[in-house]
2 protein chains.
Amino acid sequence: MKTTKQYGKKADKALSMWVKLARAAATFGQLTDEDIRRYGVTQAQFGALETLGHLGPLTLGELCKKQLVSGGNMTVVVDNLEKEELVERIPSTEDRRVVLVQLTKKGKRLFDEIFVQHAQCVADLASVLTEEEQDELGRLSKKLGMSLQKRL
Amino acid sequence: MKTTKQYGKKADKALSMWVKLARAAATFGQLTDEDIRRYGVTQAQFGALETLGHLGPLTLGELCKKQLVSGGNMTVVVDNLEKEELVERIPSTEDRRVVLVQLTKKGKRLFDEIFVQHAQCVADLASVLTEEEQDELGRLSKKLGMSLQKRL
DNA sequence: CTGAATTACTTCAAATTTAAACTATTTGAA
DNA sequence: TTCAAATAGTTTAAATTTGAAGTAATTCAG
């Protein structure tokens with residue numbers, strides 16, 4: 001039984017949207033995670049590899065922002081990727097506080113290898129929506145995310 | 001520079017949508033979390049209170065499914081809520097393996113009190129989209145989430 | 001120039017979360 | 001009926017994540 005106007009029309013609409021958005025993202029995330037584990041990396045590690053692979057070398061701080069992850073966590077994630085020799089830390093010469101992170105050759109190879117497969121997986125999951133629906137969901141999510149980003 | 005057709009048109013579209021969806025959900029989640037903390041409960045605790053408040057007593061397993069959380073975690077979350085006397089465990093008489101969880105009077109009071117405020121917060125965050133956009137984002141998220149739920 | 005405030009990253013402790021092993025109970029096939 | 005398999009929940013250990021404190025480097029107002 002779905003109660004209406006429990007908190008007012010606007011609030012009900014917003015709550016309803018948020019529940020659905022959160023569930024869709026969580027479920028999609030769990031399924032992509034199952035795929036990611038097959039490559040022997042964690043979700044966080046995969047995210048870092050993805051960002052570095054697409055955007056090239058970034059500072060640790062930039063990586064944090066892209067991934068919406070705390071600094072303390074990113075240090076650990078990069079530590080572990082470095083142990084696997086998938087990324088390397090390059091101290092910045094301009095600003096000695098800054099550390100650049102970039103993919104190693106091995107990291108690039110892994111990135112190239114697994115991303116094609118992972119893209120297939122994501123495409124498969126997304127295919128429950130039509131291409132038009134995917135565009136629209138992307139557009140609305142982007143608008144929501146970009147607008148809220150400013151409030152963080 | 002946005003590269004096109006990196007993984008094929010369909011995969012690119014799906015990846016693009018997924019990135020935006022994940023970011024929107026993460027950002028929205030961080031902002032609602034800031035609000036939730038003001039009430040002195042964690043996000044997971046709040047989620048359980050919300051579900052119990054809206055749906056009434058549920059078994060621990062049902063709560064796990066609603067919240068997309070592991071059983072071991074839900075045990076801890078309910079333990080902590082029980083320490084605060086916000087929920088109580090009621091052993092099922094029909095099936096002695098089963099434990100029902102329900103709000104206490106104190107829990108109901110808290111639920112009634114904080115949910116109006118939280119609904120306002122969510123409505124405020126969502127207001128960066130028009131009501132029509134919220135409907136559409138909700139509709140598409142629901143379709144995506146419900147379809148993928150089956151694959152878990 | 002100087003030093004107070006800011007910034008970038010790391011370290012540490014605590015909280016959260018998961019997955020696997022375990023207990024207790026129920027179900028169902030032989 | 002009986003016992004193997006399945007189910008519900010708890011416990012445990014390990015991994016992840018966060019936030020706060022700490023270190024080092026930079027910036028900028030005076």
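Numbered from 1 within each chain, the chains take letters A, B, ... in sequence-line order. In this text the structure is predicted, and so the values were computed from the model without any measurement.
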Please report the distance, rounded to the nearest Å, between CD in A:Glu62 and P in C:dC9.
8 Å
If you look at every strand shown and take non-hydrogen atoms under 4.0 Å, does A:Asp95 touch a base, only sugar-phosphate, or nothing?
sugar-phosphate
Given the side-chain rings of B:Tyr39 and B:Phe111, with only the six-membered ring counted for Trp, is the space between their centroids under 6.0 Å?
no
With no hydrogens and no angle check, is any side-chain donor or acceptor of B:Gln45 less than 3.5 Å from a backbone partner on B:Asn80?
no
So for B:Arg97 and C:dT26, does any side-chain atom that can act as donor or acceptor lie under 3.5 Å from a complementary atom in the base?
no
Whole angstroms only, please: what is the CG-C1' distance between B:Asn80 and D:dT10?
14 Å
Quickly work out the A:Asn73 CG to D:dA20 C1' distance and round it to whole Å.
15 Å
Between atom CD in B:Gln67 and atom P in C:dT18, what is the gap in whole Å?
11 Å
CD1 of A:Ile90 versus P of C:dC9: gap in Å, rounded?
14 Å
Just the rounded figure in Å: distance from P of D:dA8 to CZ of B:Arg89.
16 Å
Does any N or O in the side chain of A:Glu82 come within less than 3.5 Å of the main-chain N or O of A:Glu88, such that one atom is a donor and the other an acceptor?
no
Tell me which of B:Val77 and A:Met74 sits closer to the 5' end of DNA chain C, going by the nucleotide each one is nearest to.
A:Met74
Given atom CG of A:Leu58 and atom P of C:dC9, what is their separation to the nearest angstrom?
11 Å
Could you check whether A:Gly72 gets within reach of a base, just the sugar-phosphate, or nothing at all, counting any heavy atom under 4.0 Å?
base
Whole angstroms only, please: what is the CG-P distance between B:Leu63 and C:dT17?
14 Å
Below 6.0 angstrom between ring centroids: does that apply to B:Tyr7 and A:His118?
no
Of the listed nucleotides D:dG9, D:dT18, C:dT18, the one nearest the side chain of B:Val69
C:dT18
What's the closest nucleotide to the A:Arg37 side chain, out of C:dA19, C:dT17, C:dT25?
C:dA19
Base, sugar-phosphate, or nothing for A:Thr42, non-hydrogen atoms under 4.0 angstrom?
sugar-phosphate
B:Thr93 or B:Leu68, whichever maps to the more 5' nucleotide of DNA chain C:
B:Leu68
Checking N1-N3 plus N6-O4 or O6-N4 for Watson-Crick, or N1-O2 and O6-N3 for wobble, each under 3.5 Å, the partner of D:dT18 is C:dA13
A:Arg96 or A:Ala44: which one's nearest nucleotide on DNA chain D is closer to the 5' end?
A:Ala44
Which value, rounded to the nearest 0.5 Å, describes the distance between B:Gln102 atom CD and B:Ile90 atom CD1?
4.5 Å
